[in-house]
Amino acid sequence: MLDAIGVTSIDDLFRPIAPGLRAKSFDLPDGMSEFEMLRTFQELAAKNAQHLVTFVGGGYYDHLIPTVVDHLTGRAEFYTAYTPYQPECAQGTLQALFEYQTAICRLTGLDVANASLYDGGTALAEAALMALRVTGRRRLVIDGAVNPFHREIVRTYLANLDVELLEIPPKLGLEDDARLRAAIDGSVAAVLVQNPNFFGSVSDFRRLADEIHAAGGLLVVSTYPVSLGLVATPGEMGADIAVGDGQSLGNPLSFGGPSFGLIASRKEFIRNLPGRIIGETVDRHGERGFVLTLQAREQHIKRHKATSNICSNQSLCALRGLIFLSSLGRQGFAELARLNYDKAEYAKQALGRLSGVEVMNGGATFNEFTVCLPKDAAEVVAGLLRKGVAAGVPLGSYYPDMGHCLVVTVTEKRTREEIDTFVRQLEGALCN
Amino acid sequence: MLDAIGVTSIDDLFRPIAPGLRAKSFDLPDGMSEFEMLRTFQELAAKNAQHLVTFVGGGYYDHLIPTVVDHLTGRAEFYTAYTPYQPECAQGTLQALFEYQTAICRLTGLDVANASLYDGGTALAEAALMALRVTGRRRLVIDGAVNPFHREIVRTYLANLDVELLEIPPKLGLEDDARLRAAIDGSVAAVLVQNPNFFGSVSDFRRLADEIHAAGGLLVVSTYPVSLGLVATPGEMGADIAVGDGQSLGNPLSFGGPSFGLIASRKEFIRNLPGRIIGETVDRHGERGFVLTLQAREQHIKRHKATSNICSNQSLCALRGLIFLSSLGRQGFAELARLNYDKAEYAKQALGRLSGVEVMNGGATFNEFTVCLPKDAAEVVAGLLRKGVAAGVPLGSYYPDMGHCLVVTVTEKRTREEIDTFVRQLEGALCN
Amino acid sequence: MQLIYEQSIPGRPGVSLPASDVPPAAGLSAELRRAEAAVLPEVSELDLVRHFTLLSRRNFSVDTNFYPLGSCTMKYNAKAIEEAARAFVPYHPMVALLPHGASYCQGSLALAYELGRTLTEITGMDEVTTQPLAGAHGEMTGIMMVAAYHRAKGNKKRYVVVPDSSHGTNPASAAMVGYEIITVPTAAYGDMDLERFREVMTDEVAAVMMTCPNTLGLFNPHIREICDLAHDHDALVYYDGANLNAILGKVRPGDVGFDVIHVNLHKTFGTPHGGGGPGSGPVGVKKELIPFLPGPRIVRNDDGSYALESALPESIGRTAGFFGNFGVMAKAYAYMVMLGRAGLIQVSEQAVLSANYVMSRLKDLYELPYETSCMHECVFSAVRQAKNGVHAIDIAKFLIDRGFHPPTVYFPLIVKEAIMIEPTETESKETLDAFIAVMREAAELAERDPAAFATLPQSMPVSRLDETKAAREQNVCFGSW
Amino acid sequence: MQLIYEQSIPGRPGVSLPASDVPPAAGLSAELRRAEAAVLPEVSELDLVRHFTLLSRRNFSVDTNFYPLGSCTMKYNAKAIEEAARAFVPYHPMVALLPHGASYCQGSLALAYELGRTLTEITGMDEVTTQPLAGAHGEMTGIMMVAAYHRAKGNKKRYVVVPDSSHGTNPASAAMVGYEIITVPTAAYGDMDLERFREVMTDEVAAVMMTCPNTLGLFNPHIREICDLAHDHDALVYYDGANLNAILGKVRPGDVGFDVIHVNLHKTFGTPHGGGGPGSGPVGVKKELIPFLPGPRIVRNDDGSYALESALPESIGRTAGFFGNFGVMAKAYAYMVMLGRAGLIQVSEQAVLSANYVMSRLKDLYELPYETSCMHECVFSAVRQAKNGVHAIDIAKFLIDRGFHPPTVYFPLIVKEAIMIEPTETESKETLDAFIAVMREAAELAERDPAAFATLPQSMPVSRLDETKAAREQNVCFGSW
């Protein structure tokens, strides 16, 4: 090969790089075989606590994943392909993502969806930016009951822009959107809410939707997709844009990633959607096929005028979501939501019966709920961790006046026995 | 569907079965979802002792398996296909098995190989039957140093046939084929030996080959394929038929199965090979393709006159073997053998230095060897098992006069640290 | 496509091994060393992956194509059972055979034992060995036990009787055990001719081997009579379990009078076929044969623990290395656990329904040699098409081009131009309808343009292959080495 | 091929869930319940598996095809790294954020931390955040830190400068942070025009974003000068790591003067692209930017344990949910651990060798807009072929029919009829030669019979697709629901 190039050594090829620019250090260990590497990794993983029984959520959920999801997503042709820029040899990815978009539309009750964003929090930030573009306004109202991490991401995204973000402190225990509605005026681009919210409460946002629409703004609903097997959709609630984190749809916990962000909107906003969109079309012979469409919104064409800078998305995770939803099917997915609902209700009632423990949510909840303890929740959680149970998310770090509150998550994976044990453990922790 | 058939219920379809023939019982548990099943299985597996450090072999070996082996064998098109009876839509399996046959020929130094048998022991039995067919004789001589399980399988296979099987007791410590050679006469169809033998000894069988050939019989060599990265091949030794267990070529321990039996022979015996054989040919356009060939030897054509009753073989395990060998490659496979050799030599020397411990093998060994202890070996092994180490195979159950002997296996997976610890543990066990 | 050997570049490294942590030992002497390293492929990991990935795509398989092979039960293989079996991958079988070793393998032993118990209930037998590694291996093991039984009783037996519709493995397995074979023809009603059977049934018969439903997909109404007749001569009756998928929960061979049975876990119990194996062929026996079961046997102690029993004086001995194709057994057991009682019954009901549906929708165009309601498979004959020169094999190639794996067309030998269809319970009605449509299309084309079949298939990587050349040249290993 | 929705049969059950072990709770009130269950596919598991298995086969991929996409580094993805990442699948990220939770996640935190340390050494930076989820996300995160830096110093900045050869994400990311963009043209020598750069470089410039080697595959000889010039105006210099595969162990952006860098783990460090993601885009910074890193930060205590630091008053805040695309990070770290120092250097050497080899073998037939020795990729132009009416996209379709994924043909925008080839270090010479042969064949056909390209590709499931129709009709969701 060197001969063909006309050089005598590989070093010659690096000659354009002046000696003064060369690396001053490259102090890395020697390589190892895959067997040694795997042993190292397994030893490392073993340093994590094993077999914690987990009642924590906070945006990431411990759900069952049918074996087919791994099996099918692992197909090399999906796994090792790139972005489907050459559609004729990428129909696999393209059709799958079209099917994914369809699933997201049907879940959220909205018209159009993209082919995925990074995660739930960044999807909310993108929705905020999208609402600003659509309305041309510079003010946003966000419910304090939105996941605090997601709110922080929105703040980060908006920090350098000339935009005002109004955070409405949550009113735990009395899910009332009055304070949100009070913040609406003709300058508000959108109200951003979450359903079920960070405390687990399920709300009816129809009145809020009507009022923000009347004021010329949009309603953005961040949703937890498993709840959509049971709970009224963002579309039914009147949302213009829905977002969410797709992790719970067939993506493992994996210490926080990768998952995917879903986004859907009313049809009229399609040109303002960020990220890739797959569209149906036909080929020269009239055969159905799928392509990346409306690419003129995207960075590789529009550069700094693009709707977003996103390029790589989370395709494979979205594919997992599609396969997950397809494997459960219409009934199975509804059943999954119901299982989550029933198990959490069981736990909520059991915890609510403990002396000194108060369930804070005034109305309905879905698979998580907030209890107030007679003690500092952080201490209780730390104590229970030592017993092998992750009891929930103590709220003190996120809502300084809620130091005794704890958000408890119960998915379909928690058995009645685990719940009963947990209730006893918590009771014990409160006695000490 | 019932309408199309013209019946009103599924029960109608079972009407040909008289009520008196119906099942008297079918008392099985209710079914469960895959998630509950997997939990059950994981709990069951956890009842096995975890993390035993293993120095046992006895025909099954704890070797490294490159990740690609699982990945590629898991391709659904290989995994869920049937026997390649329709060659046009089975070229994947057919070409892979042709490549496998080639690998086996090259490993063993023989001309032809089949597409796999069940395991090493049944392959030896098939080789014995094959030798009887080839020579038309009714006597076989088998070395007592052949794996006792394999000898038992040969005995079982021959038990109902009018064949004499002469077992020559092994002479541990002095690998001398004199007694085998003394048993040869003009009535012997074949001598069956193993190399390395059950005690780990590597032998030169050239003289034995010459003498059995001179007497008109065959030499059958059972081999441990990993040794063929280093040790002279059955072909070089003059064998007419080679067999072996393919487990160590990329098949996991899996509590004893599935693995595969390999068999290869000199070209002239091809019509007497048992099992499926893949042959190269061309299609109508002259393109290369592969088919099942010489099927007239097989049971589905020849019925009771077939060379064997085998139908299902161990294709997928043979494919694992091929991918394993291809992933290591020529040099890597030689290196693997060398690692096994070196580690076992290290352990052999270390154990040999222990007071009262004697290495029994007189000559060379490959990755296992036999030590004589100053105590009953079964007791020592039972004691060390409690400490988490499987110290080797005590010989008392198989050779009543060798109750103090232990076959120790050391593969490339055992680290020096594990070996050193084991040596200390054994030393400790001998002191008590 | 190139062979992996043709892509090999001498010196190119593959997967690397851990560096040695022990000193190099003195080598083997020259006469014990191989002269040259085996010429294995030398390819990069990428080229290896690409080769086998592309190679895999040259196969039809259940996961990509409807695969209605008769007598093979190509049902869907649930992916969860793979995960289940993976849990048992790390365990060494020899540990169980060490002194007190069984206590270190309680999970694995429990699985094998409970699988056996489940199979006894499903088949109506008294005891099961999981040791046989495939169906034919099970047959041989079963007939060896028959031989041991007769030997123990001092019976002088010489023959094994099989119907002419039987699988080739039946006579082949009996021959492996030293028996001579008597083949009984099939009567016009599609089952073994009862009169002819009576004629051959003598005291010299060791066993009768039956498949029921048989390979024509028919349930033999005389099956109990046949068992009784055999027993009258102290002959044992062997049940070939290849077609067990038809009768789960409906009929138990043990109840009917069978003495020995093998079960194909890879057919009835949903484990993948892997391009021809591995299978697993556990054998069930009635009480009288228990002493002859191969060893070591897995037993359950009174305290609920599991142990190995090796002192079995009357055992036929080992027929395989350890406890059977354990990985396959684990998958099959996972399948049974998931389906449970009702699920297994539904398997057979749905399988029989599907086969009858296909039969009912094709019988106007294809000849039914034995017209009756079938069980889980149906056998047509292409004799009508063959008159135009279109043979069963031609129809098979037509199907390949349409994305369907052909039914079995070389078997059963007693049906000319056989087309043996087993749709299985896991295929949807939509798939069956699509298959039926293409079968009907083939029949119409055979009328309209029979010559069109000659060049099929056209959509595969290769067209029809020259099998004669393959058999003549016997090129079974690449190149010289 | 049918959509999965078109195969759906109402009422058909899919994968079953565990039965509930708790009593059914009182339901939600009507206004909180969805009116109708979402119309998701209702297919059997077999039909599901067959659908997605067949669908997968309608893709080209690295494991099946050479994929020489420029700027994308489609190298082989070792299977062992998947196994490595699997070890970390069960762990919940929130546990780390619970009181004292870090001590329950020491393995995961160690991995993320050590990956970061490795990246600082590779890039010559002082600190790394692994939080960004993709390259563009890293760019945005990096520019946000730049903005925070200037804000903290009271600098008034308005512009970000990019060369016209830059990736579209560079200006798009800067715009997300509120900057205006100044684009500098490329000079005839193939790099950003230094004179023009000097003209735009004022005190109002916040950052200069450079790709080096740039998207033409060329290493900018003035790179230090550019950094110095920027620094003179207290502008920071951003290194787009997309092309890092060219210079591992050869150049460290931190040594040259860059202040911020993002690394595409899915390009340089061998993790699979998954049809467009997930990627991972860690960002490295020099000391002066450390206070602005997103939180929570993973730190190493003196006792060797790992902890989270959340009290970061100057931090830009979270840019993503947790600690990044951890699964991708684990794979990339596994890749680095396997290759080690020498292996990573060899990566770049081999990648550059391959690109130069392809360039040298094709430059007689294809125009080289900037002729020089290239780094890890080379950019041709099909202008010569375009004269005959054969455009770069036509050559791309020719390649598809021959089993090669086309090079990048829509980028860089500054090259007409661009053909951007990045062969990567994992492809063998034999594959490169086969690709070269087909590229030469295309050039010859473009001379001989240019019209032949119009109907390509012909071997794919679909021929050329009507993109205008797609954009017009905006059919992005199946059916009405």
Side-chain angles (χ1 to χ4, degrees), chain B residues 1 5 23 26 28 30-31 34 41 44-45 47-49 56 58 66 72 75-77 80-81 83 88-89 91-93 102 105-106 118 152 156 160 252 254-258 279-281 283-284 289 293 299-300 303-304 306 309 312-316 326-327 329-330 334 345-346 378 382 416, chain C residues 14-15 21-22 25 37-38 40-42 52 56 58-63 80 84 87 89 91 93-94 99 104 106-108 133-134 136 168 171-173 175 178 181 249 252 274-279 317-318 322 325-327 340-341 343 349 356-357 360 460 462-463 465 469-470 475 477-478:
Chain B
M1 285 165 84
I5 301 168
F26 202 65
L28 297 174
D30 289 340
E34 68 171 80
F41 267 62
L44 203 55
K47 291 185 178 159
N48 289 334
V56 294
L72 292 171
R75 289 280 303 175
E77 294 94 328
T80 69
T83 307
E88 298 90 347
C89 57
Q91 286 298 300
T93 294
T102 301
C105 291
R106 291 177 176 191
Y118 302 132
E152 188 180 342
T156 303
N160 301 288
S254 189
F255 206 59
E280 182 183 325
T281 186
D283 75 357
R284 295 171 57 243
T293 194
Q299 48 74 29
H300 61 287
R303 299 180 67 86
H304 62 279
N309 69 331
S312 285
N313 59 14
Q314 309 276 123
S315 279
L316 200 74
S326 303
S327 68
R330 187 181 191 181
E345 290 300 304
Y346 176 80
R416 182 177 188 155
Chain C
V15 167
D21 57 1
V22 298
L40 296 171
E42 295 174 271
F52 285 104
S56 76
R58 294 162 84 95
N59 265 3
F60 276 16
S61 66
V62 171
D63 279 6
V89 150
Y91 306 110
M94 269 307 291
Y104 297 84
Q106 287 294 299
S108 298
L133 302 174
S173 298
I181 307 303
R252 303 195 313 166
R318 269 168 207 268
F322 293 101
N325 273 340
F326 189 88
R341 182 180 184 281
E349 292 187 345
N356 277 280
Y357 178 68
S360 72
M460 291 293 104
V462 294
S463 61
L465 290 154
K469 177 184 162 79
N475 185 353
C477 167
F478 174 67

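Reminder, nothing fancy here: chain letters follow the sequence lines and each chain counts from 1.
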- request: Can you tell which part of B:Tyr346 gets under 4.5 Å to a heavy atom of chain C, answering side chain, backbone, both or neither?
  value: side chain

- request: Specify the closest pair of heavy atoms between B:Ala23 and C:Arg252, including all atoms of both residues, with the distance to one decimal.
  value: CB-CG, 3.5 Å

Main-chain N/O of C:Val462 paired with B:Asp283 side-chain donor or acceptor, under 3.5 Å: no

query: Under 4.5 Å between any side-chain heavy atoms of C:Pro278 and B:Leu316, yes or no?
result: yes

Check: B:Ile5 main-chain N/O paired with C:Asn356 side-chain donor or acceptor under 3.5 Å: no

query: At a heavy-atom separation under 4.5 Å, does B:Asp30 approach chain C through its side chain, its backbone, both, or neither?
result: backbone

- prompt: C:Ser173 and B:Asn309: which non-hydrogen atoms are nearest, and at how many Å?
  reply: OG-ND2, 2.9 Å

field: Per-residue contact mode, B:Leu72 against chain C (heavy atom under 4.5 angstrom)
entry: side chain

- request: Give me the one residue out of B:Glu280, B:Arg284, B:Gln91 that meets side-chain contact (heavy atoms from CB on, under 4.5 Å) with C:Leu465.
  value: B:Gln91

Main-chain N/O of C:Arg318 paired with B:Glu152 side-chain donor or acceptor, under 3.5 Å: yes

field: Considering all heavy atoms, the nearest B:Ala76-C:Asp63 contact
entry: CB-OD2, 3.3 Å

- prompt: Any idea which of C:Ala80, C:Gly178, C:Gly343, C:Gly279 has the most non-hydrogen atom pairs under 4.5 angstrom with chain B?
  reply: C:Ala80

Most chain B-contacting option - heavy-atom pairs closer than 4.5 Å, from C:Ala175, C:Ala38, C:Gly14: C:Ala38

message: Please check: side-chain N/O of B:Ser315 versus main-chain N/O of C:Gly275, any donor-acceptor pairing under 3.5 Å?
response: yes

Part of C:Leu133 within contact of chain B (heavy atom distance under 4.5 Å): both

query: Which distance, rounded to the nearest 0.5 Å, do you find between the CD of C:Gln106 and the CG of B:Leu44?
result: 10.0 Å

query: Looking at C:Gly107, C:Gly340, C:Ala84, which has the largest count of heavy-atom pairs under 4.5 Å with chain B?
result: C:Gly107

- prompt: If you count heavy-atom pairs under 4.5 Å between each of B:Pro66, B:Ala306, B:Ala334 and chain C, which one has the most?
  reply: B:Pro66

field: Residue selection (most heavy-atom pairs with chain B, distance under 4.5 Å) from C:Gly249, C:Ser463, C:Ala172, C:Ala470
entry: C:Ser463

- prompt: With a 4.5 Å heavy-atom cut-off, do B:Glu77 and C:Phe60 have their side chains touching?
  reply: no

query: Given the options B:Gly289, B:Pro258, B:Gly256, B:Gly279, which has more heavy-atom pairs under 4.5 Å with chain C than any of the others?
result: B:Pro258

message: Within this structure, what is the OG-CD distance for the pair B:Ser326 and C:Glu42, rounded to the nearest 0.5 Å?
response: 11.0 Å

For the student: nearest non-hydrogen atoms of C:Asn325 and B:Gln314, plus distance: ND2-OE1, 3.1 Å

query: For C:Ser61 and B:Ala81, which heavy atoms make the closest approach, and how far apart are they?
result: CB-N, 3.9 Å

query: For C:Lys469 and B:Thr293, what are the C-alpha separation, side-chain angles and deciding distance, and is it a side-chain contact (heavy atoms from CB on, under 4.5 Å)?
result: CA-CA 9 Å; C:Lys469 177 184 162 79; B:Thr293 194; over 6 Å; no

message: If I compare all heavy atoms of B:Thr102 with all of C:Phe478, which pair ends up nearest, and what's the gap?
response: OG1-N, 2.8 Å

query: Do you know which of B:Thr80, B:Leu28, B:Thr93, B:Asn313 has the most heavy-atom pairs with chain C at a distance under 4.5 angstrom?
result: B:Thr80

- prompt: Among C:Ser360, C:Ala37, C:Gly276, C:Pro99, which residue forms the greatest number of heavy-atom pairs with chain B at distances under 4.5 Å?
  reply: C:Gly276

message: Is it the case that the side chain of C:Arg341 and the backbone of B:Phe26 share a donor-acceptor pair, with hydrogens and angles ignored and the cut-off at 3.5 Å?
response: yes

query: Is any side-chain heavy atom of B:Arg75 less than 4.5 Å from a side-chain heavy atom of C:Phe52?
result: no

